[in-house]
Amino acid sequence: MALTLYSLLQAALLCVNAVAVLHEERFLNKIGWGTDQSIGGFGEEPGIKSQLVNLIRSVRMVMRLPLIVVNSITIVLLLLFG
């Protein structure tokens, strides 16, 4: 398997899909990354943990519909061109 631009885009799509399917109550709360654990004090810089939790939440909210479209296109391309 050659390393092509399409395979890199497909790997990035798989990573975004993996982030998008993380369930907050089932998985993130068990490892201590829930919404209540990421609250910082007033005027404090957000830590890496809270930034990652915000990134996961943003990807789940914003990328839901675009991921459906991009995944459908990827499946059709794989079915047509192998």
Exercise. What about Val16 and Leu52, same hydrophobic cluster or not, with Ile/Leu/Val/Met/Phe/Trp/Tyr joined at side-chain heavy-atom distances under 4.5 Å?
Worked result: yes
Seminar exercise, completed: Sorted by chain and number, sequence neighbours left out, side chain to side chain contact (heavy atoms under 4.5 Å, CB included) with Val19 holds for Ile56, Val59
Under 3.5 Å, sequence neighbours excluded: what are the donor-acceptor pairs made by side chains of residues 72-82?
from, atom 1, to, atom 2, distance (Å)
Ser72, OG, Ile68, O, 2.8
Thr74, OG1, Val70, O, 2.8

Seminar exercise, completed: Rounded to the nearest 0.5 angstrom, the CG-CG distance for Asn17 and Leu67 is 5.0 Å
Problem set entry | Linked hydrophobic residues, Leu65 as query - side chain contacts closer than 4.5 Å | none
Problem set entry | Euclidean distance, Gln51 CD relative to Ser58 OG, rounded to 0.5 Å | 11.5 Å
